[in-house]
Amino acid sequence: MKVVVLVGGVGGARFLLGVKAALGLSPVGATPDSPHEITALVNTGDDVWMHGLRICTDLDTCMYTLGGGIDTGRGWGRAGETWAVREELAAYGADPTWFGLGDRDIATHLVRTRMLRAGYPLSEVTAALCHRWQPGVRLLPMSDDRVETHVVADIPDGDSVERKAVHFQEWWVRYHAELPAHSIVPVGAEESKPAPGVLDAIAAADAVLLAPSNPVVSIGTILAVPGIRAALRETKARVVGLSPIVSDRPVRGMADACLTAIGVETSAAAVAAHYGPELIDGWLVDDEDKAAADDPALAGIAVRVLPLLMRDLPATTAIARAALDLALELRER
């Protein structure tokens with residue numbers, strides 16, 4: 001079975017563990033001679049240059065999670081991390097001080113940056129990094145081209161406030177998404193193209209899943225790359241999404257701030273309607289949001305209700321299994 005999953009962030013990475021387990025694969029690491037193939041199309045709009053290094057937060061979170069190197073408590077960064085370099089940078093007064101790089105994590109960024117500067121595309125760099133971690137999933141950046149999500153907000157500047165665009169990471173990490181966003185823009189997306197293998201994976205898929213990732217700055221940014229949305233419409237597979245909203249609240253992070261910025265209500269039904277029946281065939285919602293199954297705004301979308309909190313691996317596996325079952329059921333109709 002060939003499965004494609006659009007992912008971003010901690011929730012997306014954890015969902016991939018469940019997809020692997022639902023297919024009978026080892027959640028962490030590779031499963032030799034598996035008949036199944038999972039391809040994760042990973043958001044790169046959060047990528048940023050920091051202290052001369054190229055940081056790919058979502059790719060690394062997926063790689064570490066699936067390879068057994070993640071800090072499970074935080075959901076991001078390396079397990080057993082130390083922070084000597086961050087402390088030294090602070091001693092020098094080197095900006096930015098709001099984004100910390102762990103010592104172990106820096107090694108990944110050093111290798112990536114060296115390869116990028118040598119002319120290797122991000123997709124090949126990612127494959128090389130994954131050779132160490134053996135995630136058991138093919139991790140593909142959505143694009144080899146530089147796409148960075150920027151947020152227009154009223155930014156404090158001393159005693160004044162200036163409306164300007166800042167990198168998503170600054171809005172998210174430094175300001176905790178507490179500054180209302182006037183707009184969110186994936187800069188460079190219009191000129192980008194899908195990374196090699198992305199469109200082929202979608203075309204060959206038996207099922208396509210939208211992880212319960214941020215619908216604006218994770219899934220939305222992937223869909224902003226020309227050709228990906230069209231490929232999802234044309235694939236013979238059915239596309240099933242999972243709501244990142246439970247009882248009108250984000251399961252993780254500050255997706256509500258992002259949804260407000262684009263004028264979408266923070267609810268499971270509103271996010272599904274935002275994607276629309278032209279993109280998704282099925283939608284999973286939590287028991288708390290069962291009313292979405294009868295929402296006329298979701299006409300044309302098959303809604304299924306089940307416990308949707310990824311509390312542990314068994315719960316995540318059950319959720320992934322339900323998503324796969326729905327995708328296959330809809331394909332057979």
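Treat the numbers as computed from the prediction; the structure is a model and nothing was measured.
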Nearest non-hydrogen partners of [X] and [Y], listed with the distance:
| X | Y | value |
| --- | --- | --- |
| M50 | P96 | SD-CG, 3.0 Å |
| M142 | V198 | O-CG2, 4.0 Å |
| P156 | Y175 | CD-CE2, 4.0 Å |
| L66 | A13 | CD2-O, 4.5 Å |
| D105 | E81 | N-OE2, 3.1 Å |
| A297 | A273 | O-CB, 4.2 Å |

Before you tell me yes or no, could you show the steps for K164 and H150 under side-chain contact (heavy atoms from CB on, under 4.5 Å), namely the whole-Å CA-CA distance, both residues' side-chain angles and the distance that decides it to 0.1 Å?
CA-CA 10 Å; K164 62 180 181 179; H150 285 212; over 6 Å; no
Sub-3.5 Å donor-acceptor pair from the side chain of [X] to the main-chain atoms of [Y], do we have one?
| X | Y | result |
| --- | --- | --- |
| D289 | A268 | no |
| D157 | S160 | no |
| D103 | V85 | yes |
| H167 | D47 | yes |
| R112 | R54 | yes |
| N43 | I222 | no |
| K20 | P27 | yes |
| D286 | L308 | yes |
| H51 | L53 | no |
| W98 | V173 | no |

To the closest 0.5 Å, what do you measure between [atom1] ([X]) and [atom2] ([Y])?
| X | Y | atom1 | atom2 | answer |
| --- | --- | --- | --- | --- |
| E332 | R238 | CD | CZ | 10.5 Å |
| S247 | L309 | OG | CG | 10.0 Å |
| L25 | I38 | CG | CD1 | 5.0 Å |
| D46 | D58 | CG | CG | 4.5 Å |
| I280 | I301 | CD1 | CD1 | 4.0 Å |
| T149 | I184 | OG1 | CD1 | 8.0 Å |

Listing request: all side-chain hydrogen bond (donor to acceptor under 3.5 Å, both in side chains) pairs with a residue in residues 185-213, at least two apart in sequence or in separate chains.
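As it turns out, the side-chain hydrogen bond (donor to acceptor under 3.5 Å, both in side chains) pairs with a partner in residues 185-213, which skip direct neighbours, are D206-R331.
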Can you pull out every side-chain hydrogen bond (donor to acceptor under 3.5 Å, both in side chains) where at least one residue sits in residues 113-125? Sequence neighbours excluded, please.
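Qualifying pairs, neighbours excluded: S123-D144.
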Note, [X] side chain near [Y] side chain (heavy atom, < 4.5 Å):
| X | Y | result |
| --- | --- | --- |
| V7 | S218 | no |
| D281 | V240 | no |
| E148 | F168 | no |
| H109 | D60 | yes |

Looking at residues at least two apart in the chain, or sitting in another chain, which of them share a side chain to side chain donor-acceptor pair (under 3.5 Å) with N214?
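If we apply the side chain to side chain donor-acceptor pair (under 3.5 Å) test to N214, skipping adjacent residues, there are no hits.
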Considering residues at least two apart in sequence or located in another chain, which fulfil the side chain to side chain donor-acceptor pair (under 3.5 Å) criterion with R86?
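Residues passing side chain to side chain donor-acceptor pair (under 3.5 Å) with R86: none at all.
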Identify each donor-acceptor pair in which a side-chain atom of residues 130-141 lies under 3.5 Å from a protein atom, sequence neighbours left out, and give them as a table.
| unit_1 | atom_1 | unit_2 | atom_2 | d |
| --- | --- | --- | --- | --- |
| Q134 | NE2 | H131 | O | 2.9 |

When clusters are formed by joining ILVMFWY residues with side-chain heavy atoms under 4.5 Å apart, either directly or through shared neighbours, do L259 and L242 land in the same one?
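Different clusters.
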Note: R74-D71 ion pair, threshold 4.0 Å (strictly below):
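Looking at D71 together with R74, the answer is yes, because their closest N to O distance falls below 4.0 Å.
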For L6, run the side-chain contact (heavy atoms from CB on, under 4.5 Å) check against L209, I202, V208 and tell me which one passes.
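So the option named by the test is V208.
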Determine which pairs satisfy ring pair (Phe, Tyr, Trp, His ring centres under 6.0 Å) with at least one residue from residues 226-281, sequence neighbours left out, and list them in order.
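Counting only pairs at least two positions apart or across chains, the ring pair (Phe, Tyr, Trp, His ring centres under 6.0 Å) contacts touching residues 226-281 are Y275-W283.
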Can H182 and R163 be counted as having a side-chain donor-acceptor contact under 3.5 angstrom?
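Present: a donor and an acceptor within the cut-off.
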Mark yes or no: R174 above the aromatic ring of F99, with NZ or CZ under 6.0 Å from the six-membered ring centre and no more than 45 degrees from the axis.
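No - R174 does not lie over the ring of F99 by the 6.0 Å and 45° rule.
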